[in-house]
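What follows is a single structure, written as structure tokens, with notes after it.
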Number of protein chains: 2
Amino acid sequence: MLADDHALVRDVLRKYIEERPGLRIVAEASEGRELVEAVQTHRPDVAIVDLWMPGLSGADAARQITQSGSSTRVLILTMHEDLVHVRDALRAGAAGYVVKTAPARQLLDAIEAVSRGNFYVSPSVSHHLVQSVRAEDGAGSTLLSVLTPREREVMQLIAEGLSAKEIATKLGVSIKTAEAHRARLMAKLGVRKASLLVRIAIREGLVES
Amino acid sequence: MLADDHALVRDVLRKYIEERPGLRIVAEASEGRELVEAVQTHRPDVAIVDLWMPGLSGADAARQITQSGSSTRVLILTMHEDLVHVRDALRAGAAGYVVKTAPARQLLDAIEAVSRGNFYVSPSVSHHLVQSVRAEDGAGSTLLSVLTPREREVMQLIAEGLSAKEIATKLGVSIKTAEAHRARLMAKLGVRKASLLVRIAIREGLVES
DNA sequence: AAGCGACTAGGGGTTTCTACCGATCCCCGA
DNA sequence: TCGGGGATCGGTAGAAACCCCTAGTCGCTT
């Protein structure tokens, strides 16, 4: 299945993928939560997921999918080449990571690889990945790592300009819960205004500027 | 011809477009200057250009192409739905503007339109365009120019996380005045939440992320 | 002189945010 | 088994944001 908030991209990707014998798109999603639901109902072999999606980031979506015990393999397709995103995605359980600067052929290779149970990372980023693993000694964590997945989710929605009520509706919880998440994550980040969260979210790559 | 820094996107777009009889991709570019050169050597009817390109932005490239007297029509294809980018692109001489959230079919419509000498803008953004023209007074270039100096000042302070009261104190005016400025600039920008102002301010370079 | 736009200021209203307090449920690790 | 933390809700209440209105002064243009 395909998950990307850009319908146009989904359309052309679907055409491209379905040209291949043996590959078929069984579902699409334009948004994180939609993706998680679709995975449960359609049970695709592979989910091609854009890292940047409104509401729920691709990495958090990947986390939910893999932790739900689903057999669906998550293949991240994104424009972000920096290893922060790569590491987040892989740590969240993604089986593949393909950057959009790569030739399209690579996407097919990646689909092939992850559907067989292997892992695939675009050569251009795997190079950085090796260096980062080598340079690391355990400490490596972003500011956002102190947040729970749910809090990151809420933070992303706040940064997108949604109110507590809108977040509650989107997540299917009560307003008080959304407010509780917001209050906790703001306390953790030492911030007293939602508008400052936006800047942090942009700086951390949680949303686009 | 196609210009996008993501090879994968170019690949699938080319496949999609070349499926149509009568459409053929004669050249590709992954970067702004490459695009400008390729237009001069290949003289395509239409250049599909991503707004986001290293080196030379799509809008600047469009400006160079149209001002060089070339007959090539520039069709912007981008993820940016905000009118800032739309206005920049159109002012730079682009004949079309299609957002990636639109269905792929729309790209073909746009190619058809601009190759006939017409203009095409995705319905979802043309809506904003009308509002902006209404709020505008003619001279304006960037988004910030529709704002008065005082409004820009207030906007910057909002983006830095100050409340209306703090802004009032800093500027030496009453809270009501600060609120009035804020309300007017938000109306001009078509924004209903201060948190969204932060993103615009960062994007426009008014504050740092 | 008249009109317009920017800047200033205020009244009065609803909604949302922010910060407290409390609670239950469930999962996971010690 | 017992704790702890995460997620879920509820109440209260002040602060701030947001909305709609009027209105004065100033400077510039028509």
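Proteins get letters first, then strands, A, B, ... in listed order; numbering begins at 1 in each.
Side-chain atoms of B:Asp11 and A:Arg105, non-hydrogen and from C-beta on, never get closer than 4.5 Å to each other.
Note on A:Glu153 versus A:Arg33: salt bridge recorded, some NZ/NE/NH1/NH2 to OD/OE distance being below 4.0 Å.
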Q: Please test A:Leu77 against A:Leu13 for side chain to side chain contact (heavy atoms under 4.5 Å, CB included), starting from the C-alpha separation and ending with a verdict.
A: CA-CA 11 Å; A:Leu77 176 64; A:Leu13 278 176; 3.7 Å; yes
Q.
Run the side chain to side chain contact (heavy atoms under 4.5 Å, CB included) test on A:Val9 and A:Asp50 for me, step by step, so that the C-alpha distance in whole Å, both residues' side-chain angles and the decisive distance to 0.1 Å come before the verdict.
A. CA-CA 10 Å; A:Val9 175; A:Asp50 190 358; over 6 Å; no
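Of the side-chain N and O atoms in B:Thr177, one or more sit less than 4.0 angstrom from OP1 or OP2 of C:dA9.
Under 3.5 Å, the side chains of B:Ser30 and B:Glu34 contain a donor-acceptor pair of N or O atoms.
Atom CG of A:Leu35 sits about 5.0 Å away from atom CE of A:Met1, to the nearest 0.5 Å. Separation of atoms CE (B:Met79) and CG (A:Asp5) is listed at 7.0 Å; rounding is to 0.5 Å. The CD atom of A:Glu160 lies 11.0 Å from the CD atom of A:Glu166; values are rounded to the nearest 0.5 Å.
Put simply, the side chain of A:Gln106 never gets that close to the backbone of A:Val99: no donor and acceptor are under 3.5 Å apart. Side-chain N or O atoms of B:Thr78 include none that pairs as donor or acceptor with a backbone N or O of B:Leu51 at under 3.5 Å. In this structure, A:Arg10 contributes its side chain and A:Asp4 its backbone to a donor-acceptor pair below 3.5 Å.
Under the rule for a salt bridge (charged side-chain N to carboxylate O under 4.0 Å, His left out), the partners of A:Glu151 that lie at least two apart in sequence or sit in another chain are A:Arg184, A:Lys188.
Within 6.0 Å of CG in B:Asp45 there are 12 or fewer heavy atoms belonging to other residues, nucleotides or ligands.
Rounded to whole Å, the distance from CD1 on A:Ile158 to C1' on C:dT18 is 12 Å. A:Leu196 places its CG atom 14 Å from the C1' atom of C:dC17, with the value rounded to the nearest Å. At whole-Å resolution of the value, CZ in A:Arg184 and P in C:dC17 are 17 Å apart. Note: NZ (B:Lys165) to P (C:dC17) measures 19 Å, nearest angstrom. One atom, CD of B:Glu153, and another, P of C:dT8, lie 9 Å apart when rounded to the nearest Å. If you measure from atom CG of A:Leu162 to atom C1' of C:dT16, you get 13 Å, rounded to the nearest angstrom.
For DNA chain D, the contact window with chain A, defined by any atom under 4.0 Å from a protein heavy atom, covers D:dG6 to D:dT12 in 5' to 3' order.
Nucleotides of DNA chain C nearest to B:Ala180 and B:Lys193 differ in position, and the one nearer the 5' end is that of B:Ala180. Nearest-nucleotide positions on DNA chain C for B:Leu171 and A:Arg182 put B:Leu171 closer to the 5' end.
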Please write out the pairs of protein N or O atoms and N or O atoms of nucleotides 19-21 of chain C separated by less than 3.5 Å, giving the distance to one decimal.
residue: C:dA19; atom: OP1; partner: A:Arg192; partner atom: NE; Å: 3.4
residue: C:dA19; atom: OP1; partner: A:Arg192; partner atom: NH2; Å: 3.1

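Listed by first then second residue, pairs satisfying side chain to side chain donor-acceptor pair (under 3.5 Å) with a partner in residues 15-24 of chain A number zero, not counting sequence neighbours.
Comparing the axis of the opening five pairs of the helix from C:dA1-D:dT30 to C:dA30-D:dT1 with that of the closing five pairs yields an angle of 40°, rounded to 10°.
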Q: Sugar-phosphate atoms are those with a prime plus P, OP1 and OP2; base atoms are the rest. Using that split, label each nucleotide of nucleotides 23-30 of chain C B, S or - for protein heavy atoms under 4.0 Å, 5' to 3'.
A: --------
